[in-house]
Number of protein chains: 2
Amino acid sequence: MPRPERDLREACLKEALAIIEHEGVERLSLRDVARRLGVSHQAPYRHFPSRDHILAEVVARAFEEFARHLDAHPKSSDPDRDMGLMGEAYLAYAAKHPLQYQLMFATPLPSTDTHPEMMAKARHAFDMLLSALRRKAAEQGRSLAEEAIVLDALFIWSGLHGLAMLRSSSAFDTLGLRGAAIENSTAHLLSRFGDALGH
Amino acid sequence: MPRPERDLREACLKEALAIIEHEGVERLSLRDVARRLGVSHQAPYRHFPSRDHILAEVVARAFEEFARHLDAHPKSSDPDRDMGLMGEAYLAYAAKHPLQYQLMFATPLPSTDTHPEMMAKARHAFDMLLSALRRKAAEQGRSLAEEAIVLDALFIWSGLHGLAMLRSSSAFDTLGLRGAAIENSTAHLLSRFGDALGH
DNA sequence: ACCTCCTAGTAGACAGTGTCAACACGACAA
DNA sequence: TTGTCGTGTTGACACTGTCTACTAGGAGGT
């Protein structure tokens, strides 16, 4: 029985993510993870109480990486342009890692209560959007009422999230949409955001 | 062994939907369906080749019911108002049947290829949106180019779908959003659609 | 040195699942 | 009557998550 990694816990998480990334989350099995790592089927249970706990941690890390990607998006001092760049970064990530995106937002985890730190990482990205909207509202001399800012943030997030989900599902194919429409959908969405919020 | 229904096939679909509706799709098991119907665990296999085939048919019917609901939305001769009503109907249905909505749009079915008739039913709803946008564009004297219409349809659908998904997930709770923001999100989204498309 | 405790891993079992194969029995056509 | 087909049954298999019991090895105290 070779010990393939110094830290089995870390190895489990890595292997689980690898499986999810090109088989999908529903194909993930702890026994398979153990098998690939050359350990007994119970070894992972020394480090995680249950399958859900592994999943929750993988999801948490996916959120961290997503947030890191959004943080690293090309910045602009113009709030308008900055929001556009952030939106592009958001959709680009979702398009590049569809299974990971679905893992974050479409995985039915009963563990949301027991793992509040998980989706709490998503809060960071939402705050970035809020502050961008505040800058924009200030520049336009519009109301800075928190309620209005939050509602606009939900409006934008809904659009981004919806497009990302529709893209990563097969909805567009079965609707028989042309490739051109799909490719232009990002630019169009962002430009419509501009129309809606002024400028 | 009592025969609870004349048609076992229909009974399976009904029971499967019932299970999904208040346990979630991942809890669905064919053996459980059989058990509840008082038949052997293999009986359903006489009517469906596999679990995925049952799921696909349940999803197809969910789409049918969803489309029926959208068809029955309160109409208005004003295209603007009509689109608003349709949006409200869309989000109301998603809010009322969150598990069914997730079943339709967030269930990973490898069977999309083998069951093209399934999501094809969704096409109908998309066509309703397209024609509403065409009426609106005609009224405003804007371009009727198919490409532009489709892009706007995607823009709107993305927003509706995104909000519906975010609502039916626990995202809003974990983000610590106030109830008021959530309740107003529908109205705000629809009014922003109006801003974006003019009027 | 010895004993104890803890950690990380193993092996075996159990109930649950989807699915395959073999069989049973009634209806109906030849 | 005989045979076939549709619809159901039973039994098995491999797979899953998870419970329990066991074991090897090291740290630390006495």
Side-chain angles (χ1 to χ4, degrees), chain A residues 1-59 103 107-115 118, chain B residues 1-59 103 107-115 118:
Chain A
M1 303 116 222
R3 193 83 346 95
E5 308 273 337
R6 201 84 187 67
D7 193 350
L8 181 57
R9 182 187 161 86
E10 215 58 33
C12 284
L13 291 171
K14 198 175 143 194
E15 200 67 34
L17 180 59
I19 293 176
I20 290 173
E21 264 192 318
H22 56 329
E23 309 238 15
V25 61
E26 69 279 7
R27 292 269 187 172
L28 174 66
S29 109
L30 280 204
R31 289 177 105 107
D32 196 24
V33 169
R35 218 174 289 126
R36 292 183 191 218
L37 294 175
V39 296
S40 82
H41 70 267
Q42 273 294 11
Y45 275 83
R46 288 284 123 194
H47 303 275
F48 306 92
S50 82
R51 180 182 185 273
D52 276 357
H53 284 76
I54 278 206
L55 243 187
E57 185 140 349
V58 172
V59 171
L103 172 68
T107 305
L109 293 212
S111 38
T112 319
D113 316 327
T114 65
H115 299 271
M118 184 187 65
Chain B
M1 299 115 222
R3 194 82 345 96
E5 307 273 335
R6 205 80 187 70
D7 193 351
L8 182 57
R9 181 187 162 87
E10 215 57 33
C12 285
L13 291 171
K14 197 176 145 195
E15 200 66 34
L17 180 60
I19 293 176
I20 290 173
E21 263 192 318
H22 56 327
E23 307 239 16
V25 61
E26 70 279 6
R27 292 269 187 171
L28 175 66
S29 109
L30 279 203
R31 289 176 106 107
D32 196 23
V33 169
R35 219 173 288 125
R36 293 183 190 218
L37 294 175
V39 296
S40 80
H41 68 266
Q42 274 292 15
Y45 275 83
R46 289 285 125 191
H47 302 275
F48 305 92
S50 82
R51 180 182 185 275
D52 276 357
H53 284 76
I54 277 206
L55 243 187
E57 184 140 350
V58 172
V59 171
L103 172 68
T107 305
L109 293 211
S111 37
T112 319
D113 315 329
T114 64
H115 298 273
M118 185 188 61

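The shown structure was predicted, so the numbers you read here are calculated from the model rather than taken from an experiment. Chain letters run A, B, ... following the sequence lines, proteins first, then strands; residues in each count from 1.
Atom OG of B:S50 sits about 9.0 Å away from atom CG of B:L55, to the nearest 0.5 Å. Note that CZ of A:R46 is 9.5 Å distant from OG of A:S40, once rounded to the nearest 0.5 Å. Here the NE2 atom belonging to B:H22 is positioned 10.5 Å from the CG atom belonging to B:L17, to the nearest 0.5 angstrom. Atoms CD and CZ, on B:E15 and B:R35 in that order, are 12.0 Å from each other to the nearest 0.5 Å. For the atom pair A:H47 NE2 and A:D7 CG, the distance stands at 7.0 Å (nearest 0.5 Å). Here B:S29 contributes atom OG and B:R36 contributes atom CZ; the two are 8.5 Å apart, rounded to the nearest 0.5 Å.
Between the CG atom of B:D7 and the P atom of D:dG6 there is a distance of 15 Å, given to the nearest Å. The distance between atom CZ of B:F48 and atom C1' of D:dG8, rounded to the nearest whole Å, is 15 Å. Taking atom CG of residue A:L55 and atom P of nucleotide D:dT16, one finds them 15 Å apart after rounding to whole Å.
Here B:H47 reaches the OP1 or OP2 of D:dG8: one of its side-chain N or O atoms lies under 4.0 Å away.
Annotation for A:F48 and A:E57: closest pair CE2-OE1, 4.2 Å, computed over non-hydrogen atoms. Of all the heavy atoms in B:L13 and B:V58, the pair that sits closest is CD2-CG2, 3.9 Å. The heavy-atom pair separating B:A16 from B:I54 by the smallest distance is CB-CG2, 4.2 Å.
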At a cut-off of 3.5 Å, list every protein nitrogen or oxygen paired with a nitrogen or oxygen from nucleotides 4-7 of chain C, distance to 0.1 Å.
none

Mind listing the N/O atom pairs, protein and nucleotides 24-28 of chain C, below 3.5 Å?
none

Treat primed atoms plus P, OP1 and OP2 as sugar-phosphate and everything else as base, then score nucleotides 13-19 of chain C 5' to 3': B for base contact with protein heavy atoms under 4.0 Å, S for sugar-phosphate contact only, - for none. B---BBB
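Ion pairing between a basic and an acidic side chain is recognised when a charged N comes within 4.0 Å of a carboxylate O; A:E26 and B:R51 show no such pairing.
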